[in-house]
Amino acid sequence: MDFKYRYTKEQEEFRQEVRAWLETNIPENMKAPVDRLDLTEEHYRFWREMHQTLAAKGWLYPTYPKEYGGGGLSGEHETIILEEFERVRVVPDFTNTYIFSTLLVWATEEQKQKFLAPILKSEKVAFQNFTEPNAGSDLASLQSRAVRDGDDWIITGQKTFISGHGDPDYLFGPIVTDTDAPRHRNLGYFMIPCPSPGLELSRLNLLTGHDQSFIFMDNVRVPGDHLIGGELEGWQVTQTTLEIEHGGRGVASPRDEAMENLLKFVKETRRNGEKLGDDPIIQQQTMTAYIESHINELFAQRNYWMYQARQEMTYHGSQSACFRKSFRIRNADRARNIMGMYSLLGVDEPRAPFGGQPEVYQRSSLTGAHPGGTIEIQKVIMSRRLGISRTRERAAATPSTAGVQGV
Ligand SMILES: Cc1cc2nc3c(=O)[nH]c(=O)nc-3n(C[C@H](O)[C@H](O)[C@H](O)COP(=O)(O)OP(=O)(O)OC[C@H]3O[C@@H](n4cnc5c(N)ncnc54)[C@H](O)[C@@H]3O)c2cc1C
């Protein structure tokens, strides 16, 4: 049986249109640098504008509803666009995209126009404001507090590891609204405007760069219409964000550049006159890496297909996240074994293979195990959903399962 996907004539023409436009409009010096640390202020300014142009063409968020600034296109179009974006190294939008599904499911019509539309058009940028110093894996232990003041809320507390480059327009996430209520029933979900008096961002310095921040909130005033969902419904709203972050939307076009480079390295490198792949141990390690990389792609594509087809999902998102996070660490180990010291040469080293990408991978495979829940937490979620845990749970509502038009 032939499993190859065949695009229609219209889709192939669309690909040519996207490719030609990108080749004309993305200058070589503005392409995404190999190391995110090398993203300059000039890159940032160029891409803030370019993202708005791409959004206006319907290519930045192809499948989201047109009425809110999305492209109104199909999953096949999204796949084509992402493949073409990767060819010319488009810098991804600076917003945290998990907010889209959250607003589509939980926001009122006015809130969708107010928050979702400008973010989908890339005019505004939002960061995910969840983790606190004492609430990471155990997110329900949040302590940041929102107190009613007339129609407004006054928020005080601290968040940490909040990802995002540049300055956000909103910070979205759960805050305690009722200290007397039990866990999971004591939260509201807020779009906190930035900048705001009393709000401060302080950059962290992690292995992969400076794109994470501490957030300090000292009596920050937030208007009442910035609360998404009911004032004690924040946990459910949060679960929609996390469902997508855990992999519940899948990936239209998963690509593993590290694996492509490793394969190329083994094919093209000779040691002591012998091809690297002639060594049976290197051959075994490379093929194990290749198989795991392919399994990861299949999980991501399966979830994307299930999501687009509005199929009921349970453990699938976390299964994909768990595998992705763990195989990347294993493949980074394998790349070190196979490439040796070359895998540790950074982008500035003339002898670094593939412009230093393998070294960036060594670092990002480690930090990548944390955002959205660690490997262990993905297993906890899977076991709850497969019915082998003390507690049982179902998947949270997403635009796919909640019947929202445009996903
Ligand atoms: C690069 C990066 C980007 C991030 N971006 C964001 C962001 O944009 N927004 C945001 O809100 N947060 C963000 N985070 C934070 C991230 O969500 C947390 O780091 C993560 O949830 C883990 O929390 P923690 O670091 O407090 O670790 P802890 O919760 O303290 O966990 C420590 C260790 O204990 C293990 N553990 C904890 N509980 C259990 C359990 N029940 N069973 C088994 N093992 C367990 C964990 O797996 C981990 O290995 C980011 C983190 C990183 C590193």
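Whatever order the structure lists them in is the order used to number ligands and atoms, beginning at 1.
Protein heavy atom closest to atom 12 (N) of ligand 1, with residue, atom name and distance, is Thr131 OG1, 2.7 Å. Distance from atom 46 (C) of ligand 1 to its nearest protein heavy atom, with residue and atom name: Thr374 OG1, 3.5 Å. Regarding atom 26 (O) of ligand 1, its nearest protein heavy-atom neighbour is Gly136 CA, 3.4 Å. In this structure, the protein non-hydrogen atom closest to atom 25 (O) of ligand 1 is Phe161 CE1, 3.9 Å. When hydrogens are left out, the protein atom nearest atom 43 (C) of ligand 1 is Glu376 CB, 3.6 Å; that is the closest non-hydrogen contact. The protein non-hydrogen atom at the shortest distance from atom 41 (N) of ligand 1 is Ile377 CD1, 4.0 Å. Among protein heavy atoms, the minimum distance from atom 8 (O) of ligand 1 is reached at Ser163 N, 2.9 Å.
Taking only nitrogen or oxygen atoms, main chain and side chain alike, Val380 does not reach within less than 3.5 Å of ligand 1. When only interatomic distances are considered, the shortest N/O to N/O separation between Pro371 and ligand 1 does not fall below 3.5 Å. The shortest N or O to N or O distance between Asp138 and ligand 1 is not below 3.5 Å. The distance criterion of under 3.5 Å between nitrogen or oxygen atoms is not met by Thr208 with respect to ligand 1. Not one N or O of Gln212 is nearer than 3.5 Å to an N or O of ligand 1, by distance alone. Taking only nitrogen or oxygen atoms, main chain and side chain alike, Asn96 does not reach within less than 3.5 Å of ligand 1. Distances between N or O atoms of Gln128 and those of ligand 1 include at least one value under 3.5 Å. Residue Thr367 has no nitrogen or oxygen atom sitting less than 3.5 Å from a nitrogen or oxygen atom of ligand 1, judged on distance alone.
The aromatic rings of Phe323 and Phe327 lie parallel to each other, with less than 30° between the two planes, well short of the 60° mark. Between Phe130 and Tyr189, the angle of the ring planes goes over 60°, which puts this pair in the perpendicular group of the 30/60° scheme. Relative ring orientation between His165 and Tyr44 is described as tilted, the plane-to-plane angle lying within the 30° to 60° band.
In this structure, the ring of Phe299 has its center no less than 6.0 angstrom from the ring center of His316. Ring centroid separation for the pair Phe94 and Trp47 does not come in under the 6.0 Å cut-off. Phe14 has its ring centre less than 6.0 Å from the ring centre of His77.
With atom 36 (N) of ligand 1 as the reference point, the heavy atom nearest to it among Gly373, Ser137, Gly209 is part of Ser137. The heavy atom nearest to atom 20 (C) of ligand 1, considering only His370, Gln378, Lys379, is found in His370.
Counting only heavy atoms, the protein never gets under 4.0 Å from atom 30 (O) of ligand 1. For atom 17 (O) of ligand 1, the nearest protein heavy atom lies closer than 4.0 Å. Protein heavy atoms are found less than 4.0 angstrom from atom 10 (C) of ligand 1. Distance screen at 4.0 Å: atom 33 (C) of ligand 1 has no protein heavy-atom neighbour inside the cut-off.
Between Thr398 and Tyr307 the shortest side-chain heavy-atom distance falls below 4.5 Å.
Interface atoms of ligand 1 facing Gly372, defined by a heavy-atom separation under 4.0 Å, are 17 (O).
A salt bridge links Glu28 to Lys31: at least one charged side-chain nitrogen sits closer than 4.0 Å to a carboxylate oxygen. Ion pairing of Arg45 with Glu41 is present here, as a side-chain N (NZ or NE/NH1/NH2) and a carboxylate O approach within less than 4.0 Å.
For His294, the NE2 atom is loosely surrounded, since the number of other residues' heavy atoms within 6.0 Å does not exceed 12.
Seen from the ring of Tyr7, Arg15 counts as a face-on cation partner, given the 6.0 Å and 45° thresholds.
Under 4.0 angstrom from ligand 1, there are no non-hydrogen atoms of Ile375.
Every residue was checked against the salt bridge (charged side-chain N to carboxylate O under 4.0 Å, His left out) condition with Arg48, not counting sequence neighbours, and none meets it.
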Below 3.5 Å, can you tabulate the donor-acceptor pairs from side chains in residues 338-356 to any protein atom, sequence neighbours excluded?
unit_1	atom_1	unit_2	atom_2	d
Tyr342	OH	Arg351	NH2	3.1
Ser343	OG	Gly340	O	2.8

ring-ring contact (aromatic ring centres under 6.0 Å, His included) between Tyr98 and Phe100, worked out: CA-CA 5 Å; Tyr98 308 131; Phe100 303 152; 9.2 Å; no
